[in-house]
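The structure appears right after this line, and notes come after that.
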Amino acid sequence: MNSAITIGLVVIGLCIVISVLFKKSVIDRKIAELNDLEDERAKAKIKAKEILERAEKEAQARGKEIELKAKETVYYMKEEAEKEIKLAKNDLVQKESRLARKEETLDNKIEKLEVKAQELEKSAEDLEEKKQEISKLREAQEAELERISGLSKNDAKEMLISKLRDDLVHETAVAIREYEGKLEEEKDRISRRILSTSIGKASSEYVVDATVSVVNLPNDEMKGRIIGREGRNIRAIEALTGVDIIIDDTPEAVVLSSFDGVRREVARRAIEKLITDGRIHPGKIEEVVNKARKEIDKDILDAGEQALLELGIPGMHIEIIKTLGKLKYRTSYGQNVLTHSIEVAKLSANLAAEIGADTELAKRAGLLHDVGKVLEHDIEASHALIGGEFLKKFGEKQEVINAVMAHHNEVEFETVEAILVQAADAISASRPGARRETLSAYLKRLESLEEIATSFDGVESSYAIQAGREIRIIINPEVISDDAATKMARDVAKRIEDTMQYPGQIKVTIMRETRAVEYAK
């Protein structure tokens with residue numbers, strides 16, 4: 001027991017000794033490391049001191065070098081400045097010498113000018129004296145001329161002016177004839193080429209539309225069913241469609257009359273559906289009319305879209321397309337307005353292509369130029385102005401709007417394409433068979449032509465011939481000379497252009513004849 005305790009105490013003592021020895025060794029190692037650090041710090045201080053000393057030496061050397069360079073630069077600048085000052089002084093000396101010479105020259109010139117001024121004054125006095133002498137001689141000559149000729153000064157002046165006026169009229173007439181001859185030849189040649197090319201590309205057949213539609217009936221008994229008891233069926237149809245139904249002695253047919261093509265077409269389709277269905281009474285009539293109206297609305301939209309597709313025109317507002325489609329059921333002097341508008345669009349594009357204008361703008365404006373005709377029933381104004389205002393609401397370009405509004409000369413043309421649309425409109429309307437004209441309008445145009453011709457002095461009679469395409473004027477040869485006749489033809493044509501509207505052109509022919517008759521006895 002005691003030995004075990006002793007051994008334990010010995011082991012403990014040994015552990016303590018070993019621990020003390022270990023700690024001592026660690027402390028000795030730390031002390032050694034601290035000593036090494038102190039040595040390195042001392043070395044670093046020595047090295048830093050050496051670096052500072054070397055830097056100070058280099059800085060001193062660099063400063064001396066910079067100082068030397070600065071002194072050299074100042075020296076060179078000073079030399080350059082002295083050279084410039086020397087040159088400036090030389091220039092000043094030269095300028096002073098030149099100024100002195102110029103002053104001397106100016107003094108000489110002033111002396112010469114004074115001498116010349118004196119000479120001019122003397123010459124002016126001499127001229128004034130000669131002028132007075134010439135004036136006296138002129139008065140004496142005029143008096144002598146009046147005495148010899150027997151005419152006063154004013155009479156001689158009037159005679160000369162009259163002679164000059166006659167010569168001027170003659171020369172003007174000759175110049176007009178020569179210029180107009182060349183102008184007409186060149187204008188006709190170019191116009192024929194452009195128009196023939198454009199019309200040839202846009203040629204189409206015409207079918208003149210009417211303002212009435214005929215509905216064929218299976219038998220005459222159907223007339224009574226359409227009329228209905230006490231006329232209730234026919235009154236219902238007329239009230240719902242807005243057309244006049246004419247039932248007369250024409251076998252197996254009724255006539256629908258209305259200037260509104262849309263209403264007339266609605267009525268025609270409705271009556272045909274009623275005939276096919278067989279049930280004809282006010283309730284069924286209203287149902288069929290509404291159905292026909294929806295079909296027509298679809299056809300109108302299809303017609304407008306088909307026109308755009310045919311011409312290759314890009315997107316357009318739906319309301320404009322619908323209004324454009326309604327032109328299918330609108331006529332002008334028997335010419336279908338939608339067909340006319342499509343043709344005007346093609347002609348406008350062809351004319352624009354011939355002269356290098358904007359073909360797309362001309363085509364679009366040509367198609368839309370008569371769109372106002374659909375709206376003119378509701379608005380008191382020209383269809384051209386109505387169409388322009390309508391297109392303005394839906395964002396059309398100003399160039400298109402101007403072409404639409406200007407095609408009847410109601411506003412000024414802003415583009416060359418607007419003029420082409422007007423020309424294409426006149427071409428389409430004036431082509432043979434395109435339109436029919438009422439007898440009253442035809443007679444009125446002929447009377448207007450003859451009134452314009454007879455309003456000129458010296459006209460004995462006038463005759464409008466060839467359906468108003470030519471006016472022949474017979475003048476008094478004792479009043480109007482050949483030269484004056486040429487000028488009169490021009491004036492008559494100008495007045496016709498200013499006061500009348502007509503398709504195509506009107507030829508003005510003036511006939512003058514002088515006869516000398518003598519009898520041998």
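Residues: numbered from 1 along the sequence shown. Note that this is a predicted model, so its numbers are computed, not measured.
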| message | Any non-hydrogen side-chain atom of Ile475 less than 4.5 Å from a side-chain atom of Met511? | response | no
| How about His369 and His340: are their ring centres within less than 6.0 Å of each other? | yes
| said: Under 3.5 Å, is there a donor on one side chain and an acceptor on the other for Tyr75 and Glu79? | reply: yes
| said: Could you tell me if the side chain of Ile300 sits less than 4.5 Å from the side chain of Tyr329, heavy atoms only? | reply: yes
| message | Between Lys47 and Glu50, does any side-chain N to carboxylate O distance fall below 4.0 Å? | response | no
| request: Evaluate side-chain hydrogen bond (donor to acceptor under 3.5 Å, both in side chains) for Gln422 paired with Asn409, printing each intermediate quantity in order. | output: CA-CA 9 Å; Gln422 185 191 53; Asn409 295 313; 2.9 Å; yes
| message | Please check: side-chain N/O of Asn476 versus main-chain N/O of Gly458, any donor-acceptor pairing under 3.5 Å? | response | no
| query | Are Arg101 and Glu104 within salt-bridge range, i.e. N to O under 4.0 Å? | reply | no
| Does a donor on one side chain sit under 3.5 Å from an acceptor on the other, for Glu417 and Ser348? | no
| What about His383 and His407, are their ring centers closer than 6.0 Å? | yes
| request: Please round to the nearest 0.5 Å and tell me the distance separating atom NZ of Lys363 and atom CG of Leu420. | output: 14.0 Å
| message | Any heavy-atom pair between the side chains of Leu367 and Leu308 that's under 4.5 Å? | response | yes
| Nearest non-hydrogen partners of Ala406 and Glu412, listed with the distance | CB-O, 4.2 Å
| Do Asp425 side-chain atoms and Val421 backbone N/O form a donor-acceptor pair below 3.5 Å? | no
| query | Would you call Glu343 and Lys346 a salt bridge, using N to O less than 4.0 angstrom? | reply | no
| query | Is Glu399 close to Arg364 at the side-chain level, that is, under 4.5 Å between some pair of heavy atoms? | reply | no
| request: Could you tell me whether Asp491 and Lys487 make a salt bridge, using a distance below 4.0 angstrom between a side-chain N and a carboxylate O? | output: yes
| query | Taking Asp358 for the side chain and Leu361 for the main chain, is one N or O donor matched with an acceptor at less than 3.5 Å? | reply | yes
| query | Going by heavy atoms in the side chains, are Glu497 and Lys494 under 4.5 Å from each other? | reply | yes
| field | Heavy-atom side-chain contact between Leu368 and Ser341 under 4.5 Å | value | no
| field | salt_bridge(Glu389, Lys393) N-O dist < 4.0 Å | value | no
| message | Is there a salt bridge (Lys or Arg N to Asp or Glu O under 4.0 Å) between Glu82 and Lys86? Walk through the geometry before answering. | response | CA-CA 6 Å; Glu82 288 177 352; Lys86 188 175 181 180; over 6 Å; no
| field | Note: Arg495-Glu451 ion pair, threshold 4.0 Å (strictly below) | value | no
